[in-house]
4 protein chains.
Amino acid sequence: MAVGKSTVRRTWRRRAEARPDEILTAALDEFIACGFDAARMEDIAARAGVTKGAIYLYFEGKEALLRALIEREVAPFAERLEAAADAGLADPAGTLRQLAQIINVVIGQSRIFAIPILVVSISNRFPDLAQHYRERVVARGRAALERLIRRGVELGQFRSVDPAAAARAMMGPIMFEMIWTHALKGPGGRDGAWLANHFDILLNGISRQEDP
Amino acid sequence: MAVGKSTVRRTWRRRAEARPDEILTAALDEFIACGFDAARMEDIAARAGVTKGAIYLYFEGKEALLRALIEREVAPFAERLEAAADAGLADPAGTLRQLAQIINVVIGQSRIFAIPILVVSISNRFPDLAQHYRERVVARGRAALERLIRRGVELGQFRSVDPAAAARAMMGPIMFEMIWTHALKGPGGRDGAWLANHFDILLNGISRQEDP
Amino acid sequence: MAVGKSTVRRTWRRRAEARPDEILTAALDEFIACGFDAARMEDIAARAGVTKGAIYLYFEGKEALLRALIEREVAPFAERLEAAADAGLADPAGTLRQLAQIINVVIGQSRIFAIPILVVSISNRFPDLAQHYRERVVARGRAALERLIRRGVELGQFRSVDPAAAARAMMGPIMFEMIWTHALKGPGGRDGAWLANHFDILLNGISRQEDP
Amino acid sequence: MAVGKSTVRRTWRRRAEARPDEILTAALDEFIACGFDAARMEDIAARAGVTKGAIYLYFEGKEALLRALIEREVAPFAERLEAAADAGLADPAGTLRQLAQIINVVIGQSRIFAIPILVVSISNRFPDLAQHYRERVVARGRAALERLIRRGVELGQFRSVDPAAAARAMMGPIMFEMIWTHALKGPGGRDGAWLANHFDILLNGISRQEDP
DNA sequence: AATGAATGAGGCTTCATTCAT
DNA sequence: TATGAATGAAGCCTCATTCAT
């Protein structure tokens with residue numbers, strides 16, 4: 001009985017504690033679907049299963065929603081990239097090939113890769129968010145790729161290329177795939193081979209030419 | 001007298017005829033600066049040196065402004081790319097290196113490379129514009145690069161890679177540079193060497209290895 | 001154990017019984033500080049040390065709070081005035097001078113003299129409250145002053161003025177002092193001599209001229 | 001014909017130029033009727049014969065409306081008081097009696113005497129407006145009365161009272177009449193004799209006692 | 001008796017668009 | 001062709017009030 005009571009209460013509590021996250025997820029969906037300005041608070045609320053006013057119990061306003069969202073999504077985004085890269089320092093070439101395949105799959109499946117596009121589209125009006133993203137995600141992702149490439153050079157897998165330039169060269173195709181998939185919505189791109197192909201070409205470009 | 005009158009009239013006419021273009025340019029600037037939704041008709045008008053109402057003499061409304069803008073900018077954009085590519089079919093490798101340098105310079109100088117970002121940021125709400133852009137610019141640009149690469153393979157400059165894949169791989173860095181320059185506004189990128197570096201790596205990746 | 005329990009309970013009860021009064025006091029403070037409309041139920045609750053919902057256990061709503069407040073404050077306000085006046089019927093002139101001094105001190109010390117201003121500022125929207133105040137406080141206060149003056153005339157302290165007019169003439173400075181102190185917040189007025197001065201002049205105006 | 005055209009245009013222009021004033025007048029009416037917070041922009045607009053949005057062509061918002069209103073009303077208010085007072089420096093006693101009668105009449109006729117009540121009721125939330133009013137109207141009005149009384153003393157009409165104290169004593173009844181008329185709306189007060197009576201008593205209080 | 005999450009009506013303000021001149 | 005006053009729909013946000021716990 002006492003247990004029953006506690007359970008009930010817990011249900012109630014759990015909802016209240018989960019609200020901010022539910023709202024943020026709803027906001028992400030709306031922002032991606034309509035853009036920051038065209039997204040209506042009421043639609044975000046509806047998507048989260050609450051009413052307009054409820055959002056303001058947890059967030060100061062629309063801009064706060066955007067900021068909290070970036071905050072919530074950006075760190076894991078960067079960390080996943082880094083962790084995956086650093087876990088494969090023993091075999092840089094193989095790891096880069098794997099990364100290409102994984103990213104290719106995830107891009108098609110997860111909403112998370114729509115976030116960079118959201119960030120880009122609001123970057124002129126929220127320069128600090130753009131900066132945050134640049135430093136937390138792009139810079140860290142590039143640094144992780146750089147570490148892989150530098151190690152590949154040390155191991156003799158790659159030629160002695162400039163790791164920074166090579167890492168940067170790899171960001172391009174990733175961004176292109178995101179935009180192609182989530183914004184321009186080009187057809188046929190989702191067969192999963194493209195990014196791997198791009199990386200192959202890049203890897204070819206930096207690899208040691210062992211066989212003539 | 002007649003001369004005077006005619007002169008005055010001509011001046012006046014010229015302005016009147018130039019209006020739509022001035023307005024579109026103003027609109028482009030505002031759209032890039034604030035995004036489509038946040039751009040105010042009044043600010044566009046002010047930038048163009050007219051009043052709000054005058055815009056409606058030439059355009060149906062805000063969305064029409066956007067469409068006309070894309071229309072006006074997209075075709076030349078694609079044609080310039082194509083012309084430059086096709087003019088260099090005699091030396092694909094050299095042409096691609098040149099293209100990288102030219103694009104790199106133009107990206108930093110011209111507002112024109114902010115247009116793709118604008119298109120991307122509104123693509124979810126105006127899918128037809130996205131499609132238009134995809135087909136008119138991205139697809140044609142890719143096809144032009146493809147022709148270059150195919151010719152390079154025929155000439156023996158490049159290995160027998162898949163021209164489509166290689167062309168696509170080259171779009172990524174271009175897009176990255178645009179976004180980095182016009183949206184994320186990363187520092188230090190505008191030294192002009194990066195895109196050339198990326199292309200070098202890619203060209204390395206597809207080039208025939210003449211020297212062992 | 002029983003004792004402990006009862007003690008706890010009593011403490012608890014006492015608080016519960018005190019709640020309505022605490023809430024009303026908090027409401028008065030907020031109403032005075034912000035006005036009726038701008039006062040927020042949440043701030044009233046916070047001032048009273050409870051949560052928003054608790055107020056509704058004791059009062060129907062915001063307007064009920066206002067009415068209860070006027071009810072609670074108005075009667076004692078009037079009664080104090082009356083009692084003080086009637087207690088001094090033996091020496092009207094002296095009593096009026098004393099009243100001036102007492103009021104002057106209390107105006108500066110107590111929130112109670114901010115109530116008339118509150119009433120005035122909401123009087124157009126709650127005419128019944130205004131009427132209530134008019135009849136319960138202003139009219140009774142004036143009547144008390146009138147009795148004093150009439151007695152003064154009878155005693156030969158004052159000339160045979162119209163007691164009603166003279167009483168009314170004395171309300172003005174009091175109101176002016178309240179407004180000056182609690183609303184317009186003029187500087188320097190709180191030295192305590194002004195109201196006495198005003199009354200002196202008024203008393204001079206109605207006093208018998210014993211000395212030629 | 002040319003005249004006709006010009007007339008039409010003038011009509012149009014005149015309306016546009018008159019708008020701010022019409023809106024302010026409407027705002028004053030609403031603010032007095034409902035108080036600042038309860039007054040709705042839409043009702044103000046309706047009273048002015050325009051739509052909500054039109055107000056924002058001329059004023060920044062609701063608070064700006066209030067400020068412009070005070071600005072517009074306060075100066076003439078003070079100037080009229082001063083001019084009337086200074087015009088009568090030759091006969092202070094008579095002038096003060098006249099002033100009492102004039103004010104008494106105007107209080108009953110004009111909305112202008114509801115402004116002090118409006119100011120008082122918002123003074124806690126807009127302290128700068130209160131200060132402005134205090135300095136521009138109350139202080140100047142008091143100074144004008146002071147000049148009259150000082151001159152009266154010099155001329156021998158009045159005893160050698162403190163002019164500042166006497167002037168201040170005269171403000172009270174005026175304020176009381178305003179509040180009584182426009183806020184508490186006491187019945188029967190508008191017979192026009194009261195303020196004159198108050199002033200008589202005050203004048204008696206400060207006058208030289210020529211007859212024993 | 002008390003909490004605090006949630007509601008929803010309603011206000012202020014903005015801005016694309018229209019239209020008389 | 002051009003103006004700019006005016007509209008009115010729509011969005012953000014607040015807050016008095018309710019209610020499950």
Side-chain angles (χ1 to χ4, degrees), chain A residues 5-6 8-13 15-17 19 37-45 49-65, chain B residues 12-13 15-17 19 37-45 49-65, chain C residues 12-13 15-17 19 37-45 49-65, chain D residues 5-6 8-13 15-17 19 37-45 49-65:
Chain A
K5 201 176 179 182
S6 128
V8 170
R9 185 171 249 183
R10 191 157 301 185
T11 304
W12 184 69
R13 277 265 168 85
R15 289 212 76 194
E17 276 157 21
R19 276 286 137 81
D37 295 286
R40 292 161 66 248
M41 292 299 272
E42 194 152 13
D43 290 339
I44 293 171
V50 295
T51 53
K52 258 184 309 184
I55 298 180
Y56 293 88
L57 296 174
Y58 302 100
F59 301 95
E60 299 247 320
K62 203 178 179 181
E63 189 179 324
L65 222 43
Chain B
W12 186 68
R13 273 238 178 111
R15 288 217 70 200
E17 277 155 19
R19 276 286 139 80
D37 295 285
R40 294 161 70 248
M41 292 298 269
E42 194 153 14
D43 291 339
I44 293 172
V50 295
T51 54
K52 259 192 298 188
I55 297 180
Y56 290 86
L57 297 173
Y58 302 101
F59 301 95
E60 297 253 318
K62 202 178 180 183
E63 190 179 325
L65 223 42
Chain C
W12 187 67
R13 274 241 177 110
R15 288 217 70 201
E17 276 155 20
R19 277 284 139 82
D37 294 285
R40 295 161 69 248
M41 292 298 269
E42 193 152 15
D43 291 340
I44 294 172
V50 295
T51 54
K52 259 192 296 189
I55 298 179
Y56 291 86
L57 297 173
Y58 303 100
F59 301 94
E60 298 251 317
K62 201 175 178 183
E63 190 177 327
L65 222 45
Chain D
K5 201 177 181 183
S6 128
V8 170
R9 184 170 248 184
R10 191 156 302 186
T11 306
W12 184 71
R13 275 266 167 85
R15 289 210 77 195
E17 274 157 22
R19 276 285 137 81
D37 295 285
R40 293 163 65 248
M41 291 300 271
E42 194 152 13
D43 291 339
I44 293 172
V50 294
T51 53
K52 259 185 305 186
I55 298 180
Y56 293 88
L57 296 175
Y58 303 100
F59 301 95
E60 299 247 319
K62 203 176 180 184
E63 189 178 326
L65 222 43

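So you know, we letter chains A, B, ... as the sequences are listed, proteins then strands, and number each from 1.
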What string of B, S and - do you get for nucleotides 13-18 of chain E 5' to 3' if you count protein non-hydrogen atoms under 4.0 Å? BBSSBB

Would you name the heavy atoms of C:D37 and C:K62 that are closest together and state the gap between them?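 Heavy atoms only, the tightest pair is O-NZ, 3.1 Å.
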
Using the criterion of both pairing distances under 3.5 Å for Watson-Crick and G-U wobble pairs, give all stems of 3 or more consecutive pairs involving DNA chain E.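 Correct response: E:2-21 with F:2-21.
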
Output the distance between atom OH (A:Y56) and atom OG1 (A:T51), rounded to the nearest 0.5 Å.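 A:Y56 OH to A:T51 OG1: 11.5 Å, rounded to 0.5 Å.
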
Test side chain to side chain contact (heavy atoms under 4.5 Å, CB included) on B:L57 and B:R19; report intermediate values, then the result. CA-CA 10 Å; B:L57 297 173; B:R19 276 286 139 80; over 6 Å; no

With A:E42 via side-chain contact (heavy atoms from CB on, under 4.5 Å) - residues at least two apart: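 Checked A:E42 against side-chain contact (heavy atoms from CB on, under 4.5 Å); matches are A:R40, A:K52.
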
Any C:Y58 side-chain nitrogen or oxygen under 4.0 Å from OP1 or OP2 of E:dA1: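 C:Y58 to E:dA1 OP1/OP2: no side-chain N or O under 4.0 Å.
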
Picking from E:dA5, F:dT7, F:dT1, which would you name as closest to the side chain of D:T51?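 The answer is F:dT7.
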
Rounded to whole angstroms, how far apart are [atom1] on [X] and [atom2] on [N]?
X	N	atom1	atom2	answer
C:F59	F:dA16	CZ	C1'	16 Å
A:L57	F:dA16	CG	P	14 Å
B:I55	F:dT1	CD1	P	15 Å

Can you find a heavy atom in the side chain of B:L65 that is under 4.5 Å from one in the side chain of B:E60?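 No - every pair of side-chain heavy atoms lies 4.5 Å or more apart.
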
